[in-house]
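Report on one structure; see the data block that follows.
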Amino acid sequence: MKFEDLLLEIGGFGRFQILILFVLCLARINLPMHFLLHSFLAATPSHHCAIPHQEAFVNLTMEEILLISIPREPDGTFRSCEMFSQPQFHLLLNSSLQPENDSIIQNCQHGWVYDHSQFTSTISTQWDLVCEQRGLNQATATFFFIGVTIGAVVFGYLSDRFGRKSMLMLSLVFSVIFGMLSAASVSYSMLAITRTLTGMALSGLSLIVLPLGMEWVDIEHRTFSGVLTSIFWSIGNMLLALTAYLVREWHWLLVAVTGPCLLSIIYLWWVPESARWLIANGKVKQAHKHLLRCARMNGMKDFALSPEALRTITTDKKPGESYSYISLFRTPVLRKISLCSGAVWFGVAFSYYGMSMKLTGFGLNMYLSQFVFGIIEIPAKVIVYVLVNRIGRRQSQAWSLILTGLCIGANIIIPEPFTSLRSVVAITGKGLSEAAFTTVFLYTSELYPTVLRQNGMGYTSFVARLGGALAPLVFLLDEVWRSLPEVTYCGVAVCCGSVAFLLPETLNVRLPEGIEDIEKTQVKEPLQSSAPEGTPLQSLLK
């Protein structure tokens with residue numbers, strides 16, 4: 001007997017599952033508030049070198065003081081990182097004159113002056129993470145994603161070993177603690193450490209929410225569950241834009257995006273442990289308790305399966321047997337799945353965060369760009385819902401990622417004065433990148449068996465977060481060639497998207513319970529195979 005057969009007896013998608021999904025979706029809103037925070041937390045406003053003894057120039061306007069103190073770019077704007085060693089008073093007579101020689105130009109010696117019209121403070125203005133220190137500013141996002149990468153390994157293993165729910169709660173508790181410590185940071189080093197630890201903690205929430213929800217849902221509604229969960233990421237995306245618009249001081253911004261994690265701890269107490277995981281680990285009494293609760297809430301009052309009968313649910317795991325990440329590479333089919341899905345996850349995360357952290361240059365202010373990027377993700381996910389059920393997971397995954405790369409590449413060619421066209425292409429690419437992310441979460445959770453699902457999600461999330469950690473650093477390549485970051489994002493997306501064609505299709509296939517299900521069965525089982533004998537197919541397709 002398979003777990004899907006049992007789900008049909010207790011209601012595969014009733015009130016119980018709907019409430020679980022809703023609560024888990026609310027918790028998922030927390031993720032983009034932190035994962036995409038870097039664009040606002042570390043924003044760098046326009047700035048120029050601080051001018052010493054400025055009070056001596058009492059008869060000059062601010063514009064004239066800047067003219068004699070700061071060299072200008074060819075387009076007439078003042079340079080951000082250089083100043084004249086001595087005031088150049090002759091420029092007051094003819095501002096178009098160029099400096100006689102570069103020896104009178106030096107790096108900023110007395111700090112910087114920032115434009116505070118848009119931000120009260122950011123970590124960039126707090127610790128002068130500009131010019132020579134620009135790399136440290138971008139590294140803040142990298143530190144966070146390094147934490148997420150480590151957390152993916154830790155929580156992926158622990159949630160398969162000790163359960164989904166307990167690790168989910170632990171993840172949220174530590175997210176609150178380290179998030180608040182980040183807001184209280186008094187040095188860049190403290191911020192870097194606490195943001196890394198926050199990333200580790202939030203990784204558990206990122207990893208566990210989707211599989212926990214899907215393990216309670218029948219085959220027919222798996223796609224809907226995955227897409228619904230993903231839509232709440234987009235809602236969090238839009239809420240981040242609103243929160244950042246209202247809170248312009250970085251300490252309080254961190255408090256504002258961390259606070260909802262505390263609420264999540266309260267309402268997630270109601271969510272039960274995964275019955276699949278409990279049965280796979282021999283904890284049939286607890287599983288029976290949750291299954292009875294599910295049956296009653298779904299109106300299936302005739303359900304009367306005994307705890308002993310649950311032991312007949314077929315899994316490939318013996319009580320007391322444990323699996324590790326090495327298990328993902330021991331058998332040939334599982335090895336191929338792990339290598340290919342890892343490459344796809346890297347490409348998805350690398351391109352998604354590359355686009356998400358570049359909120360300027362499209363003709364919109366950064367708050368509106370963030371909000372529009374969040375809105376466009378919702379229709380993209382609705383389209384994903386249709387496509388993954390029509391053309392399958394594999395084709396949807398491959399083409400959404402390949403087209404994302406092509407949109408990034410197109411904006412390299414389109415001239416910057418065509419801001420409207422660049423905005424349309426960028427928004428389209430952002431929608432496609434989110435479609436790729438939505439599909440990969442759903443796809444991966446269907447590829448791995450129950451006994452290794454969280455290990456598989458942990459491994460792929462680890463690879464994805466490497467992509468997320470590298471994405472902000474790629475922006476520094478613009479010093480080599482202005483378009484090199486976009487070329488890199490484009491190439492990686494297209495190549496990794498092509499790898500998706502090597503993965504097996506999972507449309508209308510049972511969730512595998514054990515490794516043998518993966519290795520022995522490469523032919524799709526029809527949907528009706530999960531129905532009890534005598535159940536008409538039409539009743540499963542309502």
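Being a predicted model, the structure only gives us computed values, none of them experimental.
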Is there a side-chain contact between Glu446 and Val509 (heavy atoms, below 4.5 Å)? no
Specify the closest pair of heavy atoms between Leu31 and Leu202, including all atoms of both residues, with the distance to one decimal. CD2-O, 3.7 Å
Would the distance check show the side chain of Ser433 and the main-chain N or O of Lys430 forming a donor-acceptor pair, the cut-off being under 3.5 Å? yes
CZ/Phe224 to CG/Asp218 distance, rounded to the nearest 0.5 angstrom? 11.5 Å
Quick check: do Glu434 and Phe373 have side-chain heavy atoms less than 4.5 Å from each other? no
Straight-line distance of Trp269 CH2 to Ser264 OG, nearest 0.5 Å: 13.5 Å
Show, in sequence, the C-alpha distance, side-chain angles and deciding distance for Ser171 and Phe155, and conclude whether the side chain to side chain contact (heavy atoms under 4.5 Å, CB included) test is met. CA-CA 8 Å; Ser171 165; Phe155 280 101; 4.0 Å; yes
Can you tell me if Ser175 and Asn30 form a side-chain donor-acceptor pair at under 3.5 Å? no
Taking the six-membered ring where the residue is Trp, are the ring centres of Tyr459 and Tyr448 under 6.0 Å apart? no
Could you go step by step and tell me if Tyr325 and Phe462 meet the ring-ring contact (aromatic ring centres under 6.0 Å, His included) rule? CA-CA 11 Å; Tyr325 289 105; Phe462 170 85; 8.3 Å; no
Apply side chain to side chain contact (heavy atoms under 4.5 Å, CB included) to residues Leu168 and Leu205 and explain how you reach the verdict. CA-CA 6 Å; Leu168 179 60; Leu205 177 61; 3.5 Å; yes
Any non-hydrogen side-chain atom of Thr488 less than 4.5 Å from a side-chain atom of Leu477? yes
So, Arg195 side chain and Phe143 main chain: donor-acceptor pair closer than 3.5 Å or not? no
For Leu278 and Val284, run side chain to side chain contact (heavy atoms under 4.5 Å, CB included): C-alpha distance rounded to whole Å, both residues' side-chain angles, the deciding distance at 0.1 Å, then the answer. CA-CA 6 Å; Leu278 289 170; Val284 293; over 6 Å; no
Closest heavy-atom pair and its distance - Ser206, Phe35: CB-CZ, 4.3 Å
Please give me the minimum heavy-atom distance between Leu452 and Asp160, naming the atom from each residue. C-OD2, 3.6 Å
Worked check of side-chain hydrogen bond (donor to acceptor under 3.5 Å, both in side chains) between Ser274 and Trp216: CA-CA 7 Å; Ser274 166; Trp216 275 105; 5.2 Å; no
Is there a donor-acceptor contact under 3.5 Å from the side chain of Arg393 to the main chain of Thr506? no
One pair to check against side-chain hydrogen bond (donor to acceptor under 3.5 Å, both in side chains): Trp277 and Glu273. What are the steps and the verdict? CA-CA 8 Å; Trp277 180 85; Glu273 180 57 88; over 6 Å; no
State, with a plain yes or no, whether a side-chain heavy atom of Ile412 is found less than 4.5 Å away from one of Tyr489. no
Taking the side chain as C-beta and beyond, is there a heavy-atom pair between Leu24 and Thr229 under 4.5 Å? no
If we ignore hydrogens and angles and just use 3.5 Å, is the side chain of Arg394 paired with the main-chain N or O of Leu503 as donor and acceptor? yes
Under 6.0 Å between ring centres, would you say that holds for Tyr267 and Phe22? no
To the nearest 0.5 Å, what is the distance between NE2 (His290) and NZ (Lys283)? 10.5 Å
Counting only heavy atoms from other residues, nucleotides and ligands, does the tally under 6.0 Å from NZ of Lys165 exceed 12? yes
Where the side chain of Arg465 meets the backbone of Thr149, is there a donor-acceptor pair that is under 3.5 Å apart? no
The test is side-chain hydrogen bond (donor to acceptor under 3.5 Å, both in side chains); show your working for Arg453 and Ser159 and say whether it passes. CA-CA 10 Å; Arg453 187 163 295 122; Ser159 59; over 6 Å; no
Are a donor atom and an acceptor atom from the side chains of Glu486 and Asn411 found within less than 3.5 Å of each other? no
Scan side-chain atoms only and decide if Thr438 and Ser230 contain a donor-acceptor pair under the 3.5 Å cut-off. yes
Audit row: Gln17, Asn298, side chain to side chain contact (heavy atoms under 4.5 Å, CB included) steps and yes/no: CA-CA 9 Å; Gln17 284 85 357; Asn298 288 345; 3.1 Å; yes
Within 45 degrees of the axis of the six-membered ring of Phe441 and under 6.0 Å from its centre: does Arg28 put its NZ or CZ there? yes
Under 3.5 Å, is there a donor-acceptor pair between the Trp345 and Ser461 side chains? no
Treating Gln397 as the side-chain partner and Ala436 as the backbone partner, does any N or O pair qualify as donor plus acceptor under 3.5 Å? yes
Looking at CG of Leu447 and CE of Met457, how far apart are the two atoms once the value is rounded to the nearest 0.5 Å? 10.0 Å
Over-ring placement of Arg293 relative to Trp270, 6.0 Å and 45° cut-offs: yes
Identify the two heavy atoms, one from Thr142 and one from Pro472, that lie closest to each other, and give their separation to 0.1 Å. OG1-CG, 3.6 Å
Hey, does Met238 have a side-chain heavy atom less than 4.5 Å from the side chain of Leu242? no
Shortest non-hydrogen contact between Leu473 and Ala469, atoms and distance: CG-O, 4.0 Å
Give a yes or no on this: more than 12 heavy atoms of other residues, nucleotides or ligands lie within 6.0 Å of atom CZ of Phe174. no
Value rounded to 0.5 Å, distance of CZ in Phe144 from OG in Ser203: 9.0 Å
Do Val388 and Tyr443 have side chains that approach each other closer than 4.5 Å (heavy atoms only, starting at C-beta)? no
Could you grab the distance from atom CZ of Arg276 to atom CD of Glu215, nearest 0.5 Å is fine? 6.5 Å
Leu470 side chain near Phe346 side chain, heavy-atom distance below 4.5 Å: yes
For Ile408 and Ser351, the nearest pair of non-hydrogen atoms, with its separation, is CD1-CB, 4.3 Å
Would the Phe145 and Tyr353 ring centres measure less than 6.0 Å apart? yes
